[in-house]
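Quick note on labels: first sequence line is chain A, next is B, and so on, each numbered from 1. In this text, all values refer to a predicted model and were calculated from it rather than measured experimentally.
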Amino acid sequence: MSVAAPTDLPSDTPRLLLIDGHSMAYRAFFALPVDKFATSTGQPTNAVFGFTSMLANLLRDEAPTHVAVAFDVGRTTFRTEQYEAYKGTRDVTPEPFRGQVPIIKQLLETLHIPAIEKPHFEADDILATLAAQARAQGMQVLICTGDRDAFQLVNDDVTVLYPVKGVSELARMTPDAVEAKYGVRPERYPDLAALVGETSDNLPGIPGVGPKTAAKWIGQYDGLDGVVAHAGDVPGKAGEALRENLEQVQLNRRLNALVADLDLPLGPEDLAARPWDRQELHTLLDELEFRTLRDRLFAMLPDEGEESSAAVAASALELAVLAEGELGAWLAGRSTGLLGLDVRGAGRPAAGDAWGVAIADAAGQAAVFDLAEIAPADERALADWLADAAAPKVVHASKEAWHALHGRGLPLDGVTFDTELAAYLCQPDRRAYDLSDLAIGYLRRELGAGDAQGEGQGAFDLELDRTDEGRRAAVRASAVRDLADVLTAELGDRGATALLSDLELPLVDVLARLEQAGIAIDVDYLTGLEKSFDAQVQDAAAEAYAVIGREVNLGSPKQLQEVLFDQLGMPKTKRIKTGYTTDAAALTDLFARTQHPFLEHLLAHRDAIRLRQTVEGLLRSVGADGRIHTTFQQTIAATGRLSSADPNLQNIPMRTDAGRQIRRAFVVGADYETLLTADYSQIEMRIMAHLSGDEGLIEAFRSGEDLHSYVGSRVFGVPTDEVTAAQRSKIKAMSYGLAYGLSAYGLSQQLSIEVGEASALMQDYFSRFGGVREYLTGVVDQARATGYTATILGRRRYLPDLVSDNRIRREAAERMALNAPIQGSAADLIKLAMLGVDRELRRRGLASRMLLQVHDELVLEVAAGERTEVEELVREQMGHAGDGLPDGPLSVPLDVSVGVGGSWHDAGH
DNA sequence: GATACCACGTA
DNA sequence: CGTACGTGGTATCC
């Protein structure tokens, strides 16, 4: 593309891209986690990565014919000479950043992009000078900088790209954009900045004067000179403040004026983009260990082998121009093949809407529709196709598409592949699966700007639908279609084909209906609860303040540390990054030692504020239908669990009595008879018994005796009915701890016993249940050898850190390896159970429905007269979820307990 | 305004 | 020095 072959470009106006190197690199440094971006030799690379990524995007999207990057030199400039405190508040440059600037310069050299510096001046002055010269030569100029002073350079030929979020999102500051944001034309922006001040430059403004007031004055008096001349006329407090700070304001204005007539070694004509030094670039990228970035950079070049074929495939995308009523025929002509579907819209449960749809086939033929404008015949054809279970479709994040389409009354069926789910099964530890990232990673294809936010935020304008949004939707649909092939192969390699088609994919529809149903809320009750918790907060705070004789922010760990350790002189607790912990365990321990009443009130305050916060969050989430519709996220937890968000209904309090009251607010809906909860007892321990094959543990479950008493009797060598409550709870803690990789030290902490005793307890346990120890060591060894763990359904978790040289990381990975098969197999089982329950409810034509899943528990809403049958089928499906596993049935029974009641609280056990 | 950290709820 | 999450507060950075 442009940089390598400027002649390819539309050859009208030359376009100069100017970048403030230091400013953008610094932004990148703070936008990306430094610990996640380092070479194996420890060289931090987050700033280099962020800067290069941004540069690659700019080269692609802006296709400049000329490029340069300006850098600051040192800290002293003509501005610091005029005003010693200029930029004086800035901290010392962080060490991990400092070393990255030379690397960026090296990289620019391989790209043959000039890096320009001028002692005693700032990068912005260089940009100002070059922009002025370029404009005089008839060029269009783009300036990329995080320094707002550059806004003064904006005009019809000069646009500033200002980072709004990290370095990935740039605001296009044209004259109109500057005026819309600040209320002044660009040339007046420095007047405004002089009045308001600029904290990052340590230039104080006029107290009490913000952009609004400043813009008003500037408009009123025709610029800063006028404001100064008429300072005496400005009324009110602000006017007074202006008069008191006139000198500072004028100084600010002198300092924020950019110098546009520097004598520079290179002029705009010298900045024409040149071919890269590919060899050097490869070498440098090797050193930096940038893999995806290499792909992105070289994907832009023509004739670069594999990359270019992907680029060709993407550009071969052909948007069908369909006349009204032709969609049916278009679809019919493709009825046998898998089609990619992209839905533009909002995918929120019970609040979905879709405004655009793109469909693409394997050959890159695509059709796009604006749902607001679609002709009735085409809408019918589309609706039929979407709802056709026999019309195979691939969608990225199909549950969101389901909700979006549902909002338009368009049922979705026949989704035989979901690229997000497939990528999740292949790489469960990723935290995001943006389509554009997958396209780069698996197809080496750049989808272009505007899709980073993933699902359907983009507007869908008919005027644009053959160009902008419509084309992007088509690009996405086509990428999704092509990804399906690559990911199908990838899933096969990883033994996850059935996991997708038989578990996760069918679950999408089930979850979508759970979310759509939501759970009814007794809002009046919840409001009353909020008041009551609020009163408790006030009381506890007042008492806490009374004890220490002053008011502090009890929610601030920092201020609490002052009170506890400085003012009250209490013994220090466990060290954390920012001092000493004030968590509940530490406070309880401190109270036991000091009996100080402040601690009691503080803990009470913590409890109450937490409960109030939970209630407030729930109240905010209640929909117009009086129900809360959570979102079950299917691609978040690396172990295979679901997670719940907006709001999280998987962490509603249960342990304390006050907390449990919140569960009374979750009630049965008007058209139903009761709520029903069904949960697995000790599912993780049962899975441990199954996976380890330990005869003793298996027998414990088959005997039907209380698990922890049974285990306790073996460990302590006493009859089951003589195991004391204290012994039982120790055993319980240890049993669960084992599944997490608990150490003797950790166990001792939790049980408040000596490490020796904890260690002895574990020894005794393992001497009776040796199969468990063998299993636990074996699972880690195997994972180290294969690189992954696996659940009973073959769900893998890859743990490369098992062979890390870093002990902390390695041991953390070992604990993950212990836990992932257990937690993940439990997740597999309840997902199987959900499919079974759903299938049975529908097969029998029952009106009852599932509402929630909480890891080992299902909550259902039961219709009148269906209670007995629903309970029976739920017990059956959950209890036998482990019967049809690939490697044979579970070797332990699955115990299910069921409760019913008008609220979640009353239906619980 | 965005990110980091703390604290804490669940399984 | 126990796994997996999501949320909301304060503090802190630009």
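Across the interface with DNA chain C, nearest-nucleotide mapping of A:Arg620 and A:Ile808 shows A:Ile808 to be the residue nearer the 5′ end.
Comparing B:dA11, C:dA4, C:dC14 against the side chain of A:Ala637 picks out C:dA4 as the nearest. Nearest to the side chain of A:Phe30, among C:dC14, C:dC5, B:dA11, sits C:dC14.
A:Gln536 and A:Arg612 form no side-chain donor-acceptor contact under 3.5 Å, judged by distance and modelled atom types alone.
Regarding contacts with the backbone of C:dT3, every side-chain N or O of A:Thr639 stays at 4.0 angstrom or more from both OP1 and OP2. Within the 4.0 Å cut-off from OP1 or OP2 of B:dA7, at least one side-chain nitrogen or oxygen of A:Thr581 is found. In this structure, A:Arg655 reaches the B:dT10 phosphate: one of its side-chain N or O atoms is under 4.0 Å from OP1 or OP2.
The base of B:dA11 is paired with the side chain of A:Arg641 by a donor and an acceptor separated by under 3.5 Å. A donor-acceptor contact under 3.5 Å is formed by the side chain of A:Gln750 with the base of C:dG2. Remark: the A:Asn648 side chain and the C:dG6 base include no donor-acceptor N/O pair separated by less than 3.5 Å.
Each of A:Leu618, A:Val622, A:Leu619 was compared with A:Pro647 under the side-chain contact (heavy atoms from CB on, under 4.5 Å) criterion, and only A:Leu618 meets it.
Following rounding to the nearest Å, A:Gln823 (CD) and C:dA4 (P) show an atom-to-atom distance of 7 Å. Atoms CD (A:Gln633) and P (B:dT10) sit 20 Å apart, rounded to a whole Å.
Counting heavy atoms from C-beta outward, A:Val711 and A:Leu697 have side chains that approach closer than 4.5 Å.
Residue contacts shown for A:Ala820 are absent, as no nucleic acid heavy atom lies under 4.0 Å away.
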